[in-house]
Amino acid sequence: MAEIIGNREEADAIFAMLVAWATAIGEKNTAGVLSHVTDDIVEFTLAPPLQYKGKDQAGLQGWFDTWQGPIEGDVEDQKLTIGGDIAFWSGLTHMLGTKTDGTKVDLWFRQTLGLRKEAGVWKIAHDHTSVPFAMDGSGLAELGLKP
């Protein structure tokens, strides 16, 4: 169950778009994923570099090509705040799957999305994903955390 602040009708439209976006990711459908983001999207993803600006079809397809089969997932602790044509979503995202080298992925990460309504359609304008890192001086990512 998601916590929603703001217009419930807009929330329904946003969640429908997010489900379609997540489904496209799971199916490794590059065009489908990119249809749900703005042309000027800014992304702070788990992979280098520090930021991406604009749609990166080749990069996304390259990442999809590193997976065997579908990419599965789920979210917990969702919160959506809507104000006019701008919305803010956050949650804990669980990603599961197998890489082409046989490595099993079972990762929880933090995700924040900034959304913008363009010509009556909600799209993702900002995507920020992160994992905590150890504060013991090692700088190692804490990949085993679960909600």
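Here Lys53 pairs with nothing under the side-chain hydrogen bond (donor to acceptor under 3.5 Å, both in side chains) rule; sequence neighbours left out. In this structure, Ala22 has no side chain to side chain contact (heavy atoms under 4.5 Å, CB included) partners at least two apart in sequence or on a different chain. When the side-chain hydrogen bond (donor to acceptor under 3.5 Å, both in side chains) test is applied to Thr93, the partners found at least two apart in sequence or on another chain are Gln111. In this structure Ser90 satisfies the side-chain hydrogen bond (donor to acceptor under 3.5 Å, both in side chains) test with no other residue, sequence neighbours excluded. In this structure, the salt bridge (Lys or Arg N to Asp or Glu O under 4.0 Å) partners of Lys117, at least two apart in sequence or on a different chain, are Glu10. Contacts of Trp108 classified as ring-ring contact (aromatic ring centres under 6.0 Å, His included), with partners at least two apart in sequence or in another chain: His94.
For residues 83-109, no pair satisfies salt bridge (charged side-chain N to carboxylate O under 4.0 Å, His left out), with sequence neighbours left out. Listed by first and then second residue, the salt bridge (charged side-chain N to carboxylate O under 4.0 Å, His left out) pairs that reach into residues 14-42 are Asp39-Lys55, Asp40-Arg116, sequence neighbours excluded. Screening residues 42-51 for side chain to side chain donor-acceptor pair (under 3.5 Å), with sequence neighbours left out, gives no hits. Sorted by first then second residue, the side chain to side chain donor-acceptor pair (under 3.5 Å) pairs that include residues 69-80, not counting sequence neighbours, are Gln78-Trp89.
Linking Ile, Leu, Val, Met, Phe, Trp and Tyr residues whenever their side-chain heavy atoms come within less than 4.5 Å leaves Phe88 and Phe109 in two separate clusters. Linking ILVMFWY residues whenever their side-chain heavy atoms come closer than 4.5 Å, directly or via other members, leaves Met95 and Leu92 in distinct clusters. Cluster membership check: Ile86 does not share its hydrophobic cluster with Ile41, using side-chain heavy-atom separations under 4.5 Å among Ile, Leu, Val, Met, Phe, Trp and Tyr. Follow the hydrophobic side-chain contacts under 4.5 Å out from Leu143 and you reach Trp67 in the same cluster. Hydrophobic clustering (ILVMFWY, side-chain heavy atoms < 4.5 Å, transitive): Leu34 and Ile71 are in one cluster.
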Solution key, residues 129-142 side-chain donor-acceptor pairs under 3.5 Å, sequence neighbours excluded:
residue : atom : partner : partner atom : Å
Thr129  : OG1  : Phe44   : O            : 3.4
Thr129  : OG1  : Leu46   : N            : 3.2
Ser130  : OG   : Arg110  : NE           : 3.0
Ser130  : OG   : Arg110  : NH2          : 3.2
Asp136  : OD1  : Ser138  : N            : 2.9
Asp136  : OD1  : Ser138  : OG           : 2.7
Ser138  : OG   : Leu140  : N            : 3.3

**Message:** Pair Trp21, Leu113 - check side chain to side chain contact (heavy atoms under 4.5 Å, CB included), show working.
**Reply:** CA-CA 12 Å; Trp21 175 68; Leu113 302 173; 3.9 Å; yes
**Request:** Show your reasoning for whether side chain to side chain contact (heavy atoms under 4.5 Å, CB included) applies to Asn29 and Thr23.
**Result:** CA-CA 8 Å; Asn29 175 349; Thr23 298; over 6 Å; no
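Using modelled atom types and a 3.5 Å distance limit, the side chains of Gln68 and Thr98 yield no donor-acceptor pair.
Grouped by direct or indirect side-chain proximity (heavy atoms under 4.5 Å, Ile/Leu/Val/Met/Phe/Trp/Tyr only), Leu145 sits alone.
Scanning both residues, Ala125 and Thr38, for their nearest heavy atoms gives CA-OG1, 3.4 Å. Of all heavy-atom pairs spanning Lys123 and Ser35, the tightest one is NZ-O, 3.4 Å. Heavy atoms only, all atoms of each residue included: Gly32 and Ala24 are closest at C-CB, 3.6 Å. Taking each heavy atom of Ala2 and Phe15 in turn, the nearest pair found is CB-CZ, 3.6 Å. Residues Trp122 and Ala13 approach most closely at CD1-CB, 4.0 Å, considering heavy atoms.
By the 30° and 60° cut-offs, the orientation of the rings of His126 relative to His128 is tilted.
Inter-residue side-chain proximity for Met17 and Leu115 is flagged as met; some heavy-atom pair is nearer than 4.5 Å. Side-chain contact between Asp127 and Tyr52 is absent, with no heavy atoms from C-beta onward closer than 4.5 Å.
One distance of note links CH2 of Trp63 with OG1 of Thr30; it measures 10.0 Å at 0.5 Å rounding.
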